[in-house]
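Residues: numbered from 1 along the sequence shown.
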Amino acid sequence: MIHARHALLSSGWAQDVLIAIDDGIITTITCDTPCPRDATQVDTLLPALGNLHSHSFQRAMAGMTEYRKHGRDSFWTWRDLMYRFMDRLTPDQIEAIAALVFVEMQEAGYASVGEFHYVHHQTGGVSYDDPAELSLRIYAAASRTGIGLTHLPVLYTYGGAGRAALSQGQLRFGNDVDGYLSLVNAAREGMKTLPDDARLGIAPHSLRATSPEDLEVVLRQSVDGPVHIHIAEQPKEVDDIMSWLGQRPVEWLLAHADVDRHWCLIHATHMTEGETRAMAQTGAVAGLCPITEANLGDGPFNGVSYLAANGAFGIGSDSNVNISLTEELRTLEYSQRLRDLARNVLVSGEGSVGHGLYTDAARGGARALGRNAGEIAEQRLADLVAIDSTDPTLCALSRDQILDGLVFAAKDRVVTDLWSAGRHSVKEGRHVARDGVVAAYRAAITDLVASL
């Protein structure tokens with residue numbers, strides 16, 4: 001049981017809240033009740049967010065790509081560096097990096113993660129004996145850390161728009177449709193070792209990395225969970241798809257696929273007003289990764305029009321260059337302010353920007369990950385995060401201002417406890433497996449650096 005002095009329930013703020021959990025599910029919620037001796041007592045309890053988009057291996061290259069060389073750096077030059085780094089990684093290193101990432105996510109307040117997993121093969125593109133070998137390493141990291149996992153094996157067949165051949169750096173990603181479907185089946189079988197809240201989806205990497213025919217086959221044969229796809233991240237990507245398929249990426253996808261609430265469109269950055277409204281109306285979730293999008297120079301999302309059309313969104317840490325839930329949310333809002341020369345932008349009508357950002361991202365992230373979460377209510381998964389409202393960044397605020405303080409003023413250190421489907425992984429601000437995970441990561445990175 002959990003007892004919270006304050007809790008943000010689906011019905012609003014409540015005091016002295018006692019929550020009972022059974023098999024990862026919230027069974028009862030009682031307000032205005034004293035704390036039993038056997039309950040875990042916390043200050044302020046919130047629904048925990050899901051991190052809807054992660055490439056965990058990229059965490060280990062944080063800080064390695066911030067050196068300006070002659071000429072103009074871009075997403076595409078960053079991508080070449082990422083390929084060279086990734087080509088060195090062993091299965092043991094991939095597992096160790098993922099475990100550290102999952103620990104850091106939970107300490108930042110994320111209860112779950114969508115792992116957009118596209119490294120499948122050995123260096124040079126040679127398959128492992130088990131095609132799901134590297135997916136199983138992600139599973140092992142999730143099991144060790146207790147995070148809720150939505151695993152998203154990636155279909156990556158081509159090196160660019162128009163069925164371009166894979167480059168050397170992309171060979172570890174590549175699968176044709178038959179190989180991909182075999183991978184998904186193997187990943188599904190391996191998932192039996194994970195808790196019941198784990199989910200399996202599919203992830204066509206992008207329109208440029210597949211073809212219309214292949215996408216149709218994959219969607220017809222394997223959709224029984226979330227569908228995630230990179231879309232319209234860069235102007236060059238939009239131009240390339242326009243030249244090849246005759247329509248912009250979002251425009252083409254909405255015209256040729258049954259996009260609905262099961263879909264998550266990652267980096268839907270470069271959309272027209274018409275595309276923005278049309279995407280919102282499908283019920284799909286916009287997967288926004290503001291820190292990474294800023295780091296890569298992607299540009300800001302069209303948030304104002306999207307919210308006006310009642311669009312759903314969630315946030316992800318993508319490249320994991322900086323894992324911070326609070327900074328993702330504030331960067332999303334600040335990107336709109338910088339573009340529009342305005343304040344308090346991403347809220348419908350009047351109201352608290354922090355409250356709107358946090359609760360909308362909680363609901364959208366849960367939808368994108370296929371989790372019965374996103375709010376504190378009976379029969380929902382116990383994806384919960386506790387924060388300390390006595391922290392200096394929050395202590396002067398009223399209850400209705402707490403989420404504004406969390407989003408715009410606080411650091412992730414205000415997180416005291418976190419539960420992923422009832423698994424109490426973070427206690428007193430520290431993940432219970434942190435020491436062992438960090439030691440394994442340091443050993444793995446030492447070996448990696450030595451190989452460079």
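The CG atom of Leu52 sits 6.5 Å away from atom SG of Cys289, with the distance rounded to the nearest 0.5 Å. How far CD1 of Ile291 is from CG of Leu296: 12.0 Å, rounded to the nearest 0.5 Å. Between the CD atom of Gln106 and the OG1 atom of Thr145 there is a distance of 5.0 Å, given to the nearest 0.5 Å. Of the inter-residue distances, the one linking Thr269 atom OG1 with Ile266 atom CD1 reads 10.0 Å to the nearest 0.5 angstrom. One distance of note links NE2 of His262 with CZ of Arg367; it measures 10.0 Å at 0.5 Å rounding. Rounding to the nearest 0.5 Å places CG of Asp417 at 11.5 Å from CD1 of Ile387.
Looking only at side-chain heavy atoms (C-beta outward), Ile376 and Leu384 come within less than 4.5 Å of each other. Between Arg371 and Asp197, the closest side-chain pair of non-hydrogen atoms falls below 4.5 Å. Taking 4.5 Å as the limit, every side-chain heavy atom of Ile231 sits out of range of all side-chain heavy atoms of Glu275. Side chains of Leu418 and Glu107 form no contact here, defined as non-hydrogen atoms less than 4.5 Å apart. Two residues are said to be in side-chain contact when any heavy atoms from C-beta on lie closer than 4.5 Å; Ile25 and Leu381 meet this criterion. Residues Leu8 and Ile402 have side chains not in contact (no heavy-atom distance under 4.5 Å, counting atoms from C-beta outward). The side-chain heavy atoms of Leu265 and Val285, taken from C-beta on, include no pair separated by under 4.5 Å. Here the side chains of Glu115 and Leu152 are not in contact, with every heavy-atom distance at 4.5 Å or above.
The two residues Ser420 and Ala111 come nearest to each other via the heavy atoms OG-O, 2.7 Å. Across all non-hydrogen atoms, the minimal contact from His120 to Phe173 is CD2-O, 3.4 Å. Scanning all heavy atoms of the two residues, the minimum distance from His228 to Leu369 falls at CE1-CD2, 4.4 Å. Smallest separation of non-hydrogen atoms from His355 and Thr359: O-OG1, 2.7 Å. Leu346 approaches Gly303 most closely through the heavy-atom pair CD2-C, 3.6 Å. Of all the heavy atoms in Pro226 and Ala368, the pair that sits closest is CB-O, 3.4 Å.
Judged by distance alone, the side chain of Thr331 and the main-chain N or O of Glu328 form no donor-acceptor pair under 3.5 Å. Under a 3.5 Å cut-off, the side chain of Glu237 and the backbone N or O of Glu233 do form a donor-acceptor pair. Of the possible polar contacts, none joining the Arg137 side chain to the Ile94 backbone as a donor-acceptor pair under 3.5 Å is found. Without hydrogens or angle criteria, Thr292 side chain to Ser319 main chain gives a donor-acceptor distance under 3.5 Å. Counting only distance, with no hydrogens or angles, the side chain of Asp16 and the backbone of Cys31 share no donor-acceptor pair below 3.5 Å.
For Trp419, the ring pair (Phe, Tyr, Trp, His ring centres under 6.0 Å) criterion is met by His424, not counting sequence neighbours. Residues satisfying the side chain to side chain donor-acceptor pair (under 3.5 Å) criterion with Asp23, sequence neighbours excluded, are absent altogether. Not counting sequence neighbours, the partners of Ser143 by the side chain to side chain contact (heavy atoms under 4.5 Å, CB included) test are Leu194. Taking Arg144 as the reference, Val437, Ala440 meet the side chain to side chain contact (heavy atoms under 4.5 Å, CB included) condition, with sequence neighbours excluded. Annotation: side chain to side chain donor-acceptor pair (under 3.5 Å) contacts of His267 (sequence neighbours excluded): Glu293, Asp318. Residues passing the ring pair (Phe, Tyr, Trp, His ring centres under 6.0 Å) test with Phe313: none are found, sequence neighbours excluded. In this structure, the ring pair (Phe, Tyr, Trp, His ring centres under 6.0 Å) partners of Phe301, at least two apart in sequence or on a different chain, are Tyr306. Arg330 pairs by the salt bridge (charged side-chain N to carboxylate O under 4.0 Å, His left out) definition with nothing, not counting sequence neighbours. Remark: Arg277 engages no residue in a side chain to side chain donor-acceptor pair (under 3.5 Å) (not counting sequence neighbours). For Tyr180, there are no ring pair (Phe, Tyr, Trp, His ring centres under 6.0 Å) partners, not counting sequence neighbours.
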Discussion item. As a quick check of understanding, evaluate side chain to side chain contact (heavy atoms under 4.5 Å, CB included) for Ser54 and Met105, giving each step before the final call.
Written reply: CA-CA 10 Å; Ser54 165; Met105 287 177 182; 3.5 Å; yes
Practice prompt. Apply the test side chain to side chain contact (heavy atoms under 4.5 Å, CB included) to residues Glu273 and Asn302: give CA-CA distance (whole Å), side-chain angles for both, the deciding distance (0.1 Å), then the verdict.
Written response: CA-CA 8 Å; Glu273 287 290 324; Asn302 190 7; 3.2 Å; yes
Item to complete: Dump the intermediate steps for side chain to side chain contact (heavy atoms under 4.5 Å, CB included) on Trp263 and Leu253, then the final yes or no.
Response: CA-CA 11 Å; Trp263 284 71; Leu253 186 68; 4.0 Å; yes
Worksheet entry | Working for side-chain hydrogen bond (donor to acceptor under 3.5 Å, both in side chains), residues Asp391 and Thr393 | CA-CA 5 Å; Asp391 184 88; Thr393 58; 2.6 Å; yes
Worksheet item: Run the side chain to side chain contact (heavy atoms under 4.5 Å, CB included) check on Val345 and Leu307 step by step: do they pass?
Response: CA-CA 10 Å; Val345 177; Leu307 286 191; over 6 Å; no
Please table the atom pairs, donor to acceptor, closer than 3.5 Å between any side-chain atom in residues 404-415 and protein atoms at least two apart or in another chain.
unit_1	atom_1	unit_2	atom_2	d
Asp404	OD1	Ser352	OG	2.8
Asp404	OD1	Gly354	N	2.7
Asp404	OD2	Ser352	OG	3.0
Asp412	OD1	Thr326	N	3.4
Asp412	OD1	Thr326	OG1	3.0
Asp412	OD2	Ser324	OG	2.9

Residues 35-51 side chain polar contacts: donor-acceptor under 3.5 Å, at least two apart:
unit_1	atom_1	unit_2	atom_2	d
Asp43	OD1	Arg5	NH1	2.2
Asp43	OD2	Ser389	N	3.0
Asp43	OD2	Ser389	OG	2.6
Thr44	OG1	Arg399	NH1	3.4
Asn51	OD1	His53	N	3.4
Asn51	OD1	Ser317	N	3.0
Asn51	ND2	Ser317	OG	2.7

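Partner of His117 under the ring pair (Phe, Tyr, Trp, His ring centres under 6.0 Å) criterion, chosen from His55, His151, His205: His151.
Looking at Arg337 and Asp340, no side-chain N of the basic residue comes within less than 4.0 Å of a carboxylate O on the acidic one, giving no salt bridge.
Side chains of Gln15 and His6: a donor-acceptor N/O pair is present below 3.5 angstrom, by distance only.
Atom CG of Asp260 sits in a crowded spot, with more than 12 heavy atoms from other residues, nucleotides or ligands closer than 6.0 Å. Heavy atoms from other residues, nucleotides or ligands lying under 6.0 Å from CG of Asn185 number more than 12.
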